[in-house]
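What follows is a short report on a single structure.
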Amino acid sequence: MSIRRLITGLSRMLRDVPLAEDLTQEALVAALEHWPASGVPEKPGAWLMALAKRRALDHLRRRSMLARKHEMLTRDLEQEQQAMPDPHAALDDDIGDELLRLIFTACHPRLSREARAALALRMICGLTTEEIARAFLQPEATIARRIVRAKRTLSESGLAYETPRGEQLSERLASVLEVVYLIFNEGYTAARGDEWLRPQLCNDALRMGRVLTLVAPKEAEAHGLLALMELNASRIAARTDAAGDPILLMDQNRALWDRLQIRRGLLALVRACELGGGRGFYTLQAAIVACHARAATPDETEWPRIAKLYAKLGALVHSPIIELNRAVAIGMAEGPAAALAIVDGLAGEPALKTYHLFPSVRGDLLHKLGRVVEARAAFELASMLATNKRERELLRRRATEMSSGAPEPS
């Protein structure tokens with residue numbers, strides 16, 4: 001039973017996302033109190049929803065300030081209970097596009113862009129405050145305050161639970177795309193925990209991305225985001241070994257890449273460009289990943305083109321992480337010395353102070369230049385900064401290789 005499915009179902013009925021989260025927590029506490037003695041019910045989702053719904057009815061009856069709205073909701077809920085003998089069984093089944101609908105609610109224009117994404121990722125998608133802070137490269141306390149303020153605004157304003165159309169859809173779409181993008185990223189490379197991949201998050205994001213291209217068929221960036229996710233997801237089977245340890249891009253068995261998914265991604269990329277989105281944030285990233293997808297071997301990768309695409313991306317969104325990625329491409333196209341000069345120029349960026357891939361990239365370049373002692377120190381720092389267990393262990397192995405004089409992985 002997924003917690004976010006329960007939140008989604010309650011939000012759809014109550015039209016109040018924060019209230020749905022509170023009732024979900026109450027239902028879970030009740031389950032912890034009762035199930036050890038009575039046993040887990042045959043349909044736990046239905047049990048939790050039935051309890052949460054009863055408490056929701058009580059709550060709505062008590063809130064006289066919104067009597068008219070609550071009278072309507074109470075009547076609808078009571079009628080639904082009478083008409084459907086088991087209306088909650090779907091809680092244990094697939095949720096369809098309800099998750100996306102809930103994200104649209106959280107991404108209301110009344111909230112700031114940052115608040116929309118943070119609220120949706122925390123309440124709806126189940127990411128921790130720490131994971132969200134890492135995605136935004138901001139302090140955890142800042143993200144926590146942002147989420148609290150957003151929940152208060154959403155609850156007090158009585159915003160509708162809806163999938164907007166037309167002009168309203170366009171107002172929210174950019175934030176929704178950002179949320180889906182960050183969900184996929186967390187699934188593709190988990191910020192924390194014991195596993196490097198979280199496939200269910202990738203699958204959720206892909207499903208929502210496909211729905212978005214139907215909801216907004218003429219929005220270039222919706223197709224660009226779908227292209228980016230499809231192309232990245234095509235490599236998932238090759239990204240870890242049998243033990244679940246990471247395999248870096250240049251070491252992957254490309255025969256394991258999903259060619260059908262690559263074709264879908266390339267078609268989505270073409271559509272994004274046809275709609276005039278060739279210079280969009282997601283479309284540019286998709287074009288970068290497409291360079292890898294089209295290369296049958298690592299040596300065939302068009303690194304100069306990738307470097308130029310990163311330059312365009314950096315002109316669009318000024319980000320030290322984009323510049324760090326451009327440095328990697330420059331290193332492959334022009335050599336490690338040129339790349340190291342770019343990387344060292346980023347050393348003062350506050351956002352990179354705790355970003356483990358910054359010393360990791362630097363360590364790789366230093367090793368290629370024969371500066372092994374410095375490379376080892378860089379990989380050791382990277383391993384200390386990494387919060388994902390698998391990634392931390394990989395970086396430790398890289399540091400050990402520097403100590404033993406082992407050759408650099410190709």
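As the structure is a prediction and not an experimental result, all values here were calculated from the model.
Judged as a ring pair (Phe, Tyr, Trp, His ring centres under 6.0 Å), the pairs with a partner in residues 283-310 (not counting sequence neighbours) are, in order, His292-Trp303. Legend: side-chain hydrogen bond (donor to acceptor under 3.5 Å, both in side chains) pairs involving residues 239-248, not counting sequence neighbours, sorted by first then second residue: Tyr188-Arg239, Thr189-Arg239, Asp245-Arg390.
Annotation: Glu302, atom CD; neighbour count of heavy atoms from other residues, nucleotides and ligands within 6.0 Å does not exceed 12. Counting heavy-atom neighbours within 6.0 Å of Arg392 CZ, excluding the residue itself, gives a total above 12.
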Would you check, one step at a time, whether the test side chain to side chain contact (heavy atoms under 4.5 Å, CB included) holds for Arg235 with Leu249?
CA-CA 9 Å; Arg235 303 199 300 253; Leu249 175 62; 3.7 Å; yes
Set out, in order, the CA-CA distance, both residues' side-chain angles and the distance that settles side chain to side chain contact (heavy atoms under 4.5 Å, CB included) for Leu269 and Leu228, then state yes or no.
CA-CA 8 Å; Leu269 177 58; Leu228 173 61; over 6 Å; no
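Between Ser360 and Phe379, some side-chain heavy-atom pair lies under the 4.5 Å cut-off. When side chains are defined from C-beta on, Met208 does not count as touching Val179, because their heavy atoms never get closer than 4.5 Å. The shortest distance between side-chain heavy atoms of Arg259 and Trp257 falls below 4.5 Å. Between Leu248 and Arg398 the shortest side-chain heavy-atom distance falls below 4.5 Å. Residues Leu385 and Phe358 form no side-chain contact, since every pair of their non-hydrogen atoms from C-beta on lies 4.5 Å or further apart. Looking at Val180 and Tyr282, their side chains never come closer than 4.5 Å, going by heavy atoms from C-beta outward. Taking the side chain as every heavy atom from C-beta outward, Cys202 and Ile236 approach each other to under 4.5 Å. Residues Arg264 and Leu206 are not in side-chain contact: their nearest non-hydrogen atoms beyond the backbone lie 4.5 Å or more apart.
Remark: Arg396 does not engage Glu393 in a salt bridge, criterion side-chain N to carboxylate O under 4.0 Å.
Arg172 contributes atom CZ, which lies 13.0 Å from atom CD1 of Ile103 (distance to the nearest 0.5 angstrom). Atom CZ in Arg362 sits 14.0 Å away from atom CD1 in Ile342 (nearest 0.5 Å). The distance from atom CG of Leu313 to atom CD of Glu323, rounded to the nearest 0.5 Å, is 10.5 Å. Atom CE in Met229 sits 10.0 Å away from atom CD in Gln261 (nearest 0.5 Å). Separation of atoms CG (Asp364) and CG (Leu369) is listed at 10.0 Å; rounding is to 0.5 Å. Note that CD1 of Ile132 and CD1 of Ile147 are 4.5 Å apart. Values are rounded to the nearest 0.5 Å.
Remark: side-chain polar atoms of Ser175 are not paired, donor with acceptor, to backbone N or O of Cys107 under 3.5 angstrom. In this structure, the side chain of Arg198 does not engage the main chain of Ala190 through any donor-acceptor pair within 3.5 Å. A donor-acceptor pair under 3.5 Å links the side-chain atoms of Glu221 to the main chain of Phe281, judged by distance alone. Within the 3.5 Å criterion, the main-chain N or O of Pro217 finds a donor-acceptor partner in the side chain of His223. Remark: the backbone N or O of Ala295 is paired with a side-chain donor or acceptor of Arg254 at under 3.5 angstrom. Side-chain atoms of Asn388 do not come within 3.5 Å of backbone N or O of Asp194 as any donor-acceptor pair. Not a single donor-acceptor pair under 3.5 Å links the side chain of Glu140 to the backbone N or O of Thr129. No donor-acceptor pair under 3.5 Å is formed between the side chain of Glu349 and the backbone N or O of Leu346. When atom types are taken as modelled, the side chain of Thr283 and the backbone of Arg279 share no donor-acceptor pair closer than 3.5 angstrom. Within the 3.5 Å criterion, the main-chain N or O of His108 finds a donor-acceptor partner in the side chain of Arg116.
A salt bridge (Lys or Arg N to Asp or Glu O under 4.0 Å) with Glu230 holds for exactly one of Arg263, Arg210, Arg207; it is Arg210.
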